[in-house]
K.L.:
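First the structure, which I've put down as structure tokens, then a few questions once you've had a look.
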Amino acid sequence: MKGKLRICLMSSWPSVHTHYWLNALVRRGHEVHFLLPHQQSIDLGALPEGIRLHRLGKSPLIKGTGPLLLSLELRRKLREITPQIFHIHSVFAVRGWRMLPWALAMSSFHPLVLTAWGGDLLSTPEISSSGRFFVKVALRSADIITADSESLLSAAQKLGAAKEKLHEIQFGVDTETFKPEVETGQMRLLLELGGGPVIYSPRAFMPIYNQVKIAEAIPLVLQRFPEAHFIFKRRPDHHSEDNEAEVLKIIETHGVSNSVRFVGELAYDQLPALYALSDVVVSVPDFDGTPRSVLEAMSCGAFPVVSNIAALHEWIQDEENGLFVDEPNAHQIATAIVKSLTAPDMLKTSGSRNREIVGKRASSNFWFGKMEELYYRVATSGLERGK
């Protein structure tokens with residue numbers, strides 16, 4: 001079975017991952033429906049053209065009936081759309097989804113594809129017994145389960161997912177766009193970076209990403225490299241104003257504001273320049289899957305300083321093409337950054353090696369082709385079940 005599919009995607013918004021997936025589906029000619037169980041006011045202007053939007057999540061008249069109402073809405077909407085594939089990205093992508101797996105199980109729709117994100121498998125089951133139960137329900141309900149690393153797939157299996165359902169699917173990197181040979185002069189001038197080393201933190205302002213610890217590392221790095229500049233990126237999704245305020249307070253308290261730049265949401269074609277002008281990219285979350293931002297940085301030749309998490313050991317060898325931080329505190333982060341900046345040979349050789357690794361293993365065209373194969377396989381299985 002090949003050709004155009006009618007696919008219904010349910011995920012969070014705004015989200016760079018959701019935008020990427022919707023855009024890829026539309027570009028490949030599929031009929032794409034986007035289910036958004038979120039009734040609050042959200043800017044949907046950035047949705048790719050051709051997406052058919054459906055919103056769920058009516059306020060229940062009787063307290064405590066929200067999950068049942070969501071289940072009934074979900075079942076009704078899926079009967080209207082009659083998709084060949086129902087694909088959910090992240091079990092707990094939106095705070096209000098906490099009971100979604102129960103609603104999902106009640107909807108009993110097949111074929112169902114579930115893409116589990118890091119928090120679904122590494123955090124929620126550890127901090128919440130009910131969350132652990134609902135994750136298990138979701139994993140059991142799905143026909144296909146994808147994740148972006150072997151470590152996440154292993155975590156899914158430990159939670160009861162059948163091995164034959166599990167598939168590694170990366171979000172992928174557009175290696176034709178994210179490459180070292182891009183013009184960076186304008187971006188450097190725009191951000192007034194001068195000629196010193198540049199350290200970029202591309203992750204969101206949320207506690208799990210330890211932006212506060214990175215901010216605390218800045219004065220330690222400046223002691224060795226006073227001409228260095230740090231860049232933080234504000235994202236419209238997954239953003240904590242309190243976390244950003246804490247970062248700003250640290251920067252002001254230490255008097256390093258002149259060495260720090262904040263950038264807002266950038267056009268997609270501007271992102272490669274930001275990575276390519278960076279000597280070091282820092283990503284030190286408490287837990288994670290395979291962060292696409294790190295792979296994009298590697299594709300552009302930036303040197304990764306990252307948390308010592310299992311997923312990234314599939315891509316990085318310590319002190320060869322990156323450095324791991326065992327404990328994301330200011331001292332270890334600063335030590336790793338300084339170590340990388342004082343090893344120009346390591347920076348140079350890692351740049352070409354990382355570009356090669358990403359090109360071979362993380363191309364977005366390659367991985368979306370793999371995902372399409374799974375779509376066609378499970379859609380065909382659905383037809384056979386319906387006979």
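Starting from 1, each residue takes its place in the sequence as its number.
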K.L.:
Report the C-alpha separation of Glu168 and Lys370 in whole Å, then their side-chain angles, then the decisive distance to 0.1 Å, and conclude whether the salt bridge (charged side-chain N to carboxylate O under 4.0 Å, His left out) test is met.
P.N.:
CA-CA 9 Å; Glu168 179 183 354; Lys370 289 286 188 182; over 6 Å; no
K.L.:
May I ask you to decide if the ring planes of His87 and Trp21 are parallel, tilted or perpendicular, using 30° and 60° as cut-offs?
P.N.:
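Perpendicular.
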K.L.:
Just say parallel, tilted or perpendicular for the rings of Phe324 and His313, cut-offs at 30° and 60°.
P.N.:
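Judged by the thresholds at 30° and 60°, the geometry between Phe324 and His313 is parallel.
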K.L.:
Within a 6.0 Å radius of atom CD on Glu227, are there more than 12 heavy atoms belonging to other residues, nucleotides or ligands?
P.N.:
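No - once you tally the heavy atoms of other residues, nucleotides and ligands closer than 6.0 Å, there are 12 at most.
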K.L.:
Gln170 versus Arg361: any side-chain heavy-atom pair under 4.5 Å?
P.N.:
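Sidechains of Arg361 and Gln170: no contact.
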K.L.:
Parallel, tilted or perpendicular: which fits the ring planes of His89 and Trp117, with parallel below 30° and perpendicular above 60°?
P.N.:
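His89 vs Trp117 ring planes: perpendicular.
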K.L.:
Under 4.5 Å between any side-chain heavy atoms of Leu312 and Pro291, yes or no?
P.N.:
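They are in side-chain contact.
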K.L.:
Other residues, nucleotides and ligands only: do more than 12 of their heavy atoms fall within 6.0 Å of CD on Glu314?
P.N.:
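Yes, enclosed.
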K.L.:
Give a yes or no on this: more than 12 heavy atoms of other residues, nucleotides or ligands lie within 6.0 Å of atom CG of Asp326.
P.N.:
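Result for CG/Asp326: enclosed.
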K.L.:
Do the non-hydrogen side-chain atoms of His229 and Leu191 ever get within less than 4.5 Å of each other?
P.N.:
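When only atoms from C-beta onward are counted, Leu191 and His229 do not touch, as no gap falls below 4.5 Å.
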K.L.:
Is the centre of the Tyr268 ring less than 6.0 Å from the centre of the Phe178 ring?
P.N.:
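Yes: the rings meet the under 6.0 Å criterion.
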K.L.:
Below 4.5 Å, heavy atoms only, C-beta onward: do Trp315 and Asn321 meet side chain to side chain?
P.N.:
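Trp315 vs Asn321: side chains apart.
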K.L.:
Table please: side-chain donor-acceptor pairs of residues 204-221 below 3.5 Å, with sequence neighbours left out.
P.N.:
unit_1, atom_1, unit_2, atom_2, d
Asn210, ND2, Val284, O, 2.8
Asn210, ND2, Asp286, OD1, 3.0
Gln211, OE1, Ser201, OG, 2.6
Gln211, NE2, Ser201, OG, 3.3
Gln211, NE2, Arg203, O, 2.7

K.L.:
Provide the closest heavy-atom pair for Lys165 versus Asp143 in the form atom of the first, atom of the second, distance.
P.N.:
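So the two residues come closest at CG-O, 3.6 Å.
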K.L.:
Side-chain contact test, heavy atoms from C-beta onward, threshold under 4.5 Å: evaluate it for Leu139 versus Leu121 and give yes or no.
P.N.:
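Yes, at least one pair of side-chain atoms sits under 4.5 Å.
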K.L.:
Set out, in order, the CA-CA distance, both residues' side-chain angles and the distance that settles salt bridge (charged side-chain N to carboxylate O under 4.0 Å, His left out) for Glu246 and Lys249, then state yes or no.
P.N.:
CA-CA 5 Å; Glu246 192 174 355; Lys249 183 177 180 180; over 6 Å; no
K.L.:
For Arg234, does the CZ atom have more than 12 heavy-atom neighbours from other residues, nucleotides or ligands under 6.0 Å away?
P.N.:
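Above 12, so yes.
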K.L.:
For the residue pair Leu35 and Phe86, establish whether any side-chain heavy-atom pair is separated by less than 4.5 Å.
P.N.:
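Yes, side chains in contact.
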